[in-house]
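Just follow the structure's listing: the first ligand is 1, and inside any ligand the first atom is 1.
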Amino acid sequence: MASVGVLALQGDVREHVAILGALGASVVEVRHVEDLARLDGLIIPGGESTTMARLLVTSGLREPLRARLANGLPVLGTCAGLIMVARDIVDGRADQWSFGVLDVAVRRNGFGRQVASFETVVAVEGIGPVAGVFIRAPQVVATGPEVTVLARHDHGSGPTPVLVRQGSVLGCAFHPELVGETRIHELFLSSC
Ligand code: GLN
(Lines give C-alpha, C1' and ligand atoms only; values in the text may rest on other atoms or scores of the structure.)
Protein backbone atom coordinates (compact mmCIF):
# COMPACT_ATOMS: atom_id res chain seq x y z
CA MET A 1 0.00 0.00 0.00
CA ALA A 2 1.46 3.34 -1.05
CA SER A 3 1.85 6.03 1.58
CA VAL A 4 0.66 9.24 -0.01
CA GLY A 5 0.75 12.70 1.50
CA VAL A 6 -1.66 15.56 1.00
CA LEU A 7 -0.11 18.95 1.71
CA ALA A 8 -2.48 20.10 4.43
CA LEU A 9 -1.53 23.73 5.08
CA GLN A 10 -4.52 25.19 3.24
CA GLY A 11 -7.04 24.33 0.53
CA ASP A 12 -9.28 21.37 -0.31
CA VAL A 13 -7.32 18.80 1.66
CA ARG A 14 -10.26 16.75 2.94
CA GLU A 15 -11.56 15.84 -0.52
CA HIS A 16 -8.17 14.50 -1.65
CA VAL A 17 -7.76 12.56 1.60
CA ALA A 18 -11.18 10.95 1.05
CA ILE A 19 -10.40 9.84 -2.51
CA LEU A 20 -6.97 8.46 -1.61
CA GLY A 21 -8.51 6.57 1.30
CA ALA A 22 -11.23 5.13 -0.94
CA LEU A 23 -8.52 3.94 -3.34
CA GLY A 24 -6.75 2.11 -0.52
CA ALA A 25 -3.74 4.38 -0.06
CA SER A 26 -2.35 5.11 3.36
CA VAL A 27 -2.82 8.86 3.68
CA VAL A 28 -0.57 11.30 5.53
CA GLU A 29 -1.70 14.90 6.06
CA VAL A 30 1.50 16.86 5.63
CA ARG A 31 1.86 19.83 7.99
CA HIS A 32 5.33 19.39 9.45
CA VAL A 33 8.74 18.44 8.11
CA GLU A 34 8.55 15.03 9.87
CA ASP A 35 5.46 14.16 7.82
CA LEU A 36 7.59 14.00 4.67
CA ALA A 37 9.65 11.07 5.90
CA ARG A 38 7.69 8.06 4.73
CA LEU A 39 5.98 9.37 1.62
CA ASP A 40 5.78 7.57 -1.73
CA GLY A 41 3.98 10.51 -3.30
CA LEU A 42 2.39 13.88 -2.51
CA ILE A 43 -0.71 15.78 -3.60
CA ILE A 44 -0.62 19.56 -3.53
CA PRO A 45 -4.31 20.56 -3.43
CA GLY A 46 -6.28 23.48 -4.78
CA GLY A 47 -6.60 26.57 -2.66
CA GLU A 48 -4.74 29.83 -2.88
CA SER A 49 -1.20 29.54 -4.16
CA THR A 50 0.09 32.73 -2.53
CA THR A 51 -1.20 31.62 0.88
CA MET A 52 0.12 28.10 0.41
CA ALA A 53 3.53 29.47 -0.58
CA ARG A 54 3.64 31.61 2.56
CA LEU A 55 2.65 28.70 4.81
CA LEU A 56 5.27 26.47 3.17
CA VAL A 57 7.88 28.99 4.31
CA THR A 58 6.56 29.52 7.84
CA SER A 59 6.12 25.77 8.44
CA GLY A 60 9.72 25.14 7.38
CA LEU A 61 8.47 22.70 4.71
CA ARG A 62 9.68 24.62 1.68
CA GLU A 63 13.30 23.47 1.51
CA PRO A 64 12.84 19.85 2.70
CA LEU A 65 9.97 19.44 0.24
CA ARG A 66 12.02 21.02 -2.54
CA ALA A 67 14.74 18.43 -1.84
CA ARG A 68 12.26 15.52 -1.92
CA LEU A 69 10.80 16.77 -5.21
CA ALA A 70 14.29 17.18 -6.68
CA ASN A 71 14.89 13.54 -5.74
CA GLY A 72 11.87 12.48 -7.78
CA LEU A 73 9.05 12.24 -5.23
CA PRO A 74 5.90 11.72 -7.39
CA VAL A 75 3.57 14.69 -7.09
CA LEU A 76 0.07 15.62 -8.27
CA GLY A 77 -0.69 19.32 -8.21
CA THR A 78 -4.30 20.39 -8.75
CA CYS A 79 -5.23 23.99 -9.50
CA ALA A 80 -3.23 26.05 -6.95
CA GLY A 81 -1.10 22.89 -6.64
CA LEU A 82 -0.40 23.08 -10.37
CA ILE A 83 0.83 26.64 -9.84
CA MET A 84 3.08 25.41 -7.00
CA VAL A 85 4.83 22.82 -9.20
CA ALA A 86 5.09 24.93 -12.37
CA ARG A 87 8.35 26.30 -13.72
CA ASP A 88 6.94 29.76 -14.50
CA ILE A 89 4.01 31.77 -13.15
CA VAL A 90 2.45 34.47 -15.28
CA ASP A 91 0.36 37.14 -13.50
CA GLY A 92 1.52 35.89 -10.11
CA ARG A 93 2.31 38.17 -7.22
CA ALA A 94 5.66 39.87 -7.64
CA ASP A 95 7.27 37.73 -4.94
CA GLN A 96 5.49 34.51 -5.87
CA TRP A 97 7.66 31.39 -6.06
CA SER A 98 7.05 27.79 -7.07
CA PHE A 99 8.90 24.47 -6.92
CA GLY A 100 9.46 24.44 -10.68
CA VAL A 101 9.46 20.64 -11.16
CA LEU A 102 6.95 20.73 -14.04
CA ASP A 103 8.19 22.40 -17.20
CA VAL A 104 5.14 24.53 -17.89
CA ALA A 105 4.23 28.18 -17.63
CA VAL A 106 0.84 28.87 -16.04
CA ARG A 107 -1.21 32.04 -15.95
CA ARG A 108 -2.96 32.51 -12.61
CA ASN A 109 -6.73 32.88 -13.01
CA GLY A 110 -6.02 32.43 -16.73
CA PHE A 111 -9.55 31.49 -17.78
CA GLY A 112 -10.71 35.07 -17.33
CA ARG A 113 -12.47 37.16 -14.74
CA GLN A 114 -16.03 36.98 -16.11
CA VAL A 115 -16.18 33.21 -16.11
CA ALA A 116 -13.66 32.54 -13.43
CA SER A 117 -15.38 29.27 -12.51
CA PHE A 118 -17.11 26.75 -14.77
CA GLU A 119 -17.78 23.07 -15.29
CA THR A 120 -17.18 21.15 -18.46
CA VAL A 121 -16.40 17.67 -19.72
CA VAL A 122 -12.73 17.03 -20.32
CA ALA A 123 -11.55 14.17 -22.53
CA VAL A 124 -8.52 12.61 -20.85
CA GLU A 125 -6.16 10.44 -22.85
CA GLY A 126 -6.32 6.84 -21.66
CA ILE A 127 -9.25 7.56 -19.31
CA GLY A 128 -12.09 9.10 -21.32
CA PRO A 129 -14.54 11.87 -20.40
CA VAL A 130 -14.06 13.37 -16.95
CA ALA A 131 -16.09 16.08 -15.20
CA GLY A 132 -13.87 19.15 -15.06
CA VAL A 133 -14.59 21.70 -12.35
CA PHE A 134 -12.52 24.83 -12.87
CA ILE A 135 -12.39 27.35 -10.03
CA ARG A 136 -10.31 30.44 -10.79
CA ALA A 137 -8.05 27.92 -12.43
CA PRO A 138 -4.57 28.49 -13.79
CA GLN A 139 -4.18 28.21 -17.56
CA VAL A 140 -1.18 26.40 -19.00
CA VAL A 141 0.30 28.82 -21.55
CA ALA A 142 3.52 26.98 -22.45
CA THR A 143 4.86 23.43 -22.13
CA GLY A 144 8.44 22.17 -22.37
CA PRO A 145 9.59 19.25 -24.55
CA GLU A 146 9.40 16.65 -21.74
CA VAL A 147 5.78 17.43 -20.96
CA THR A 148 2.96 15.18 -22.23
CA VAL A 149 -0.47 16.74 -22.55
CA LEU A 150 -3.17 14.28 -21.39
CA ALA A 151 -6.14 16.63 -21.82
CA ARG A 152 -6.96 20.00 -23.32
CA HIS A 153 -9.87 22.37 -23.00
CA ASP A 154 -10.92 25.11 -25.39
CA HIS A 155 -12.45 27.96 -23.45
CA GLY A 156 -13.01 30.08 -26.52
CA SER A 157 -9.53 31.13 -27.52
CA GLY A 158 -8.15 27.77 -28.63
CA PRO A 159 -7.35 24.56 -26.74
CA THR A 160 -4.90 24.74 -23.86
CA PRO A 161 -3.57 21.86 -21.73
CA VAL A 162 -5.52 21.15 -18.53
CA LEU A 163 -3.87 17.85 -17.51
CA VAL A 164 -0.16 17.34 -18.08
CA ARG A 165 2.51 14.88 -17.06
CA GLN A 166 6.29 15.04 -16.87
CA GLY A 167 7.66 11.75 -15.55
CA SER A 168 6.07 11.27 -12.13
CA VAL A 169 4.82 14.86 -11.92
CA LEU A 170 1.16 15.39 -12.81
CA GLY A 171 -0.43 18.82 -13.09
CA CYS A 172 -4.19 19.29 -13.27
CA ALA A 173 -5.92 22.65 -13.77
CA PHE A 174 -9.30 21.39 -12.56
CA HIS A 175 -10.63 19.62 -9.44
CA PRO A 176 -11.38 15.88 -9.87
CA GLU A 177 -11.58 15.56 -6.07
CA LEU A 178 -14.63 17.84 -5.85
CA VAL A 179 -16.83 15.55 -7.94
CA GLY A 180 -15.67 12.18 -6.60
CA GLU A 181 -13.72 11.46 -9.78
CA THR A 182 -11.11 8.84 -8.83
CA ARG A 183 -9.40 7.96 -12.11
CA ILE A 184 -6.89 10.81 -12.09
CA HIS A 185 -5.86 9.85 -8.56
CA GLU A 186 -5.55 6.22 -9.73
CA LEU A 187 -3.29 7.37 -12.55
CA PHE A 188 -1.20 9.24 -9.99
CA LEU A 189 -1.06 6.28 -7.59
CA SER A 190 0.31 4.11 -10.40
CA SER A 191 3.48 6.24 -10.32
CA CYS A 192 3.84 6.30 -6.50
N1 GLN B 1 -6.52 31.12 -8.29
C2 GLN B 1 -5.96 30.34 -7.24
C3 GLN B 1 -4.48 30.65 -7.03
O4 GLN B 1 -3.95 31.49 -7.69
C5 GLN B 1 -6.13 28.85 -7.51
C6 GLN B 1 -7.57 28.47 -7.42
C7 GLN B 1 -7.83 27.05 -6.98
O8 GLN B 1 -6.93 26.32 -6.54
N9 GLN B 1 -9.06 26.64 -7.05
O10 GLN B 1 -3.85 30.07 -6.20
Check this for me: does any side-chain nitrogen of one of Glu177 and Arg14 sit under 4.0 Å from a carboxylate oxygen of the other? no
Main chain of Ser168, side chain of Gln166: is a donor-acceptor contact present, judged purely on distance under 3.5 Å? no
Name the closest protein heavy atom to atom 7 (C) of ligand 1, giving the residue it belongs to and the distance to 0.1 Å. Cys79 SG, 2.8 Å
Identify whether the distance between the nearest side-chain nitrogen and carboxylate oxygen of Arg108 and Asp91 falls below 4.0 Å. no
Per-residue contact class, Arg108 against ligand 1 - non-hydrogen pairs under 4.0 Å: side chain
Could you say whether the N/O atoms of Thr78 and ligand 1 ever approach to under 3.5 Å? no
Check Leu170, Val164, Ile127 against Leu150 for a side-chain contact (heavy atoms from CB on, under 4.5 Å) and give me the one that passes. Leu170
Pairs of nitrogen or oxygen atoms closer than 3.5 Å, one from Thr50 and one from ligand 1: do any exist? no
Just which atoms of ligand 1 are under 4.0 Å from any heavy atom in Ile83? 3 (C), 4 (O), 10 (O)
Going by atom types only, do His32 and Glu34 share a side-chain donor-acceptor pair under 3.5 Å? no
Between Gln96 and Thr50, does a side-chain hydrogen bond (donor to acceptor under 3.5 Å, both in side chains) hold up when you go through it step by step? CA-CA 7 Å; Gln96 195 164 353; Thr50 51; 5.8 Å; no
Short list, please: which atoms of ligand 1 are under 4.0 Å from a heavy atom of His175? 7 (C), 9 (N)
Are any of the heavy atoms in Met52 under 4.0 Å away from ligand 1? no
Close-contact set for ligand 1 against Asn109 heavy atoms, below 4.0 Å: 1 (N)
Enumerated ligand 1 atoms positioned under 4.0 Å from heavy atoms of Ser49: 3 (C), 4 (O), 10 (O)
Can His155 and Thr120 be counted as having a side-chain donor-acceptor contact under 3.5 angstrom? no
Nearest heavy atom to atom 5 (C) of ligand 1, choosing from Ala137, Gly47, Pro138, Gly46, belongs to Gly47
